[in-house]
Engineer: 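Okay, here's the structure, questions in a sec.
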Amino acid sequence: MKISMIVAYGKNWEIGLDNEMLWHISEDFKNFKAITSGHHILMGRKTFESIGKPLPNRTSLVLSNSGFEHDGVHTFNDVQKAFDFARASAEEELFIIGGANIYETLFPYVDKMYLSEVDFEGKADAFLKEIDFSTWDLTQEKSYDAIIENEKVKSPAWKFKVWIKKD
Ligand SMILES: NC(=O)c1ccc[n+]([C@@H]2O[C@H](COP(=O)([O-])OP(=O)(O)OC[C@H]3O[C@@H](n4cnc5c(N)ncnc54)[C@H](OP(=O)(O)O)[C@@H]3O)[C@@H](O)[C@H]2O)c1
């Protein structure tokens with residue numbers, strides 16, 4: 001089973017504030033849905049609470065040590081048990097979907113990264129640890145323009161990149 005991570009981050013590696021996202025980019029959201037649909041998605045308890053419900057057409061796995069439970073999700077207190085659950089369901093590509101704590105802890109397991117680099121700088125309290133791209137190969141790249149409405153940035157510009165870990 002391949003282990004992938006998917007994340008959107010700003011210019012200073014910021015990913016969240018007050019347990020919420022920092023921007024609303026509908027195209028990125030659609031992309032996330034298309035990439036993760038049909039798969040197991042693994043997240044920390046705080047990210048699940050930020051989303052608030054299991055995402056449709058995906059199997060939600062939540063990591064928690066505090067006994068968290070919610071209808072429609074599978075909770076694990078051990079990363080390997082979550083991986084084993086996905087493997088037992090014949091998953092071929094598991095997606096780690098955040099947040100900061102989970103990205104950092106599980107980064108050593110990641111084989112493939114789907115990254116949205118957002119043209120955003122601002123207050124944040126959740127960050128991605130800086131990635132050293134020298135051990136990764138870029139396999140896909142696409143740029144998206146900002147959406148401006150009434151002279152204001154409604155949605156920032158962003159670049160979507162896919163990276164695969166070098167052997
Ligand atoms: N930009 C993006 O792409 C993106 C994506 C996802 C999330 N985010 C943002 O990230 C922020 C949340 O990140 P966060 O770091 O605060 O929280 P998080 O990683 O979502 O969740 C942390 C929680 O996960 C559980 N956990 C962590 N490691 C564990 C382990 N090894 N075993 C069992 N349980 C474990 C613990 O839950 P218990 O306390 O219950 O034990 C811990 O408190 C939010 O602002 C969110 O909006 C951004």
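As the structure is a computational prediction, the values presented were derived from the model and not from experiment. Note that ligands are numbered from 1 as they come in the structure, with each ligand's atoms numbered from 1 the same way.
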Engineer: Could you tell me whether Ala126 approaches ligand 1 through its side chain, its backbone, both or neither, with non-hydrogen atoms closer than 4.0 Å?
Structural biologist: side chain
Engineer: Checking Tyr103 side chain against Ile6 main chain: does a donor-acceptor pair fall under 3.5 Å?
Structural biologist: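 Checking the backbone N and O of Ile6 against the side chain of Tyr103, a donor-acceptor pair under 3.5 Å is found.
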Engineer: At under 4.0 Å between heavy atoms, which part of Phe48 makes contact with ligand 1: side chain, backbone, both or neither?
Structural biologist: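 Neither part.
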Engineer: Is the closest N or O pair between Arg45 and ligand 1 shorter than 3.5 Å?
Structural biologist: yes
Engineer: Look at the side chain of Glu141 and the backbone N and O of Leu138, then say whether any donor-acceptor pair between them is shorter than 3.5 Å.
Structural biologist: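 Between the backbone of Leu138 and the side chain of Glu141 there is no qualifying donor-acceptor contact (under 3.5 Å).
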Engineer: Judged by non-hydrogen atoms, does Met43 sit under 4.0 Å from ligand 1?
Structural biologist: no
Engineer: Any protein heavy atom lying closer than 4.0 Å to atom 12 (C) of ligand 1?
Structural biologist: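 Protein heavy atom within 4.0 Å of atom 12 (C) of ligand 1: present.
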Engineer: Would you mind running through ligand 1 and noting each atom that sits below 4.0 Å from a heavy atom of Met21?
Structural biologist: 1 (N), 2 (C), 4 (C), 47 (O), 48 (C)
Engineer: So is Asp125 in contact with ligand 1, going by heavy-atom distances below 4.0 Å?
Structural biologist: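 No; Asp125 lies far enough from ligand 1 that no heavy-atom distance drops under 4.0 Å.
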Engineer: Aromatic contact between Phe48 and Phe68, with the criterion being ring centroids under 6.0 Å apart: yes or no?
Structural biologist: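 Yes - the distance between ring centres of Phe48 and Phe68 falls below the 6.0 Å cut-off.
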Engineer: State which residues pass salt bridge (Lys or Arg N to Asp or Glu O under 4.0 Å) with Glu117; sequence neighbours excluded, sorted by chain then number.
Structural biologist: Lys161
Engineer: Between Phe85 and Phe76, is the gap from one ring center to the other below 6.0 Å?
Structural biologist: yes
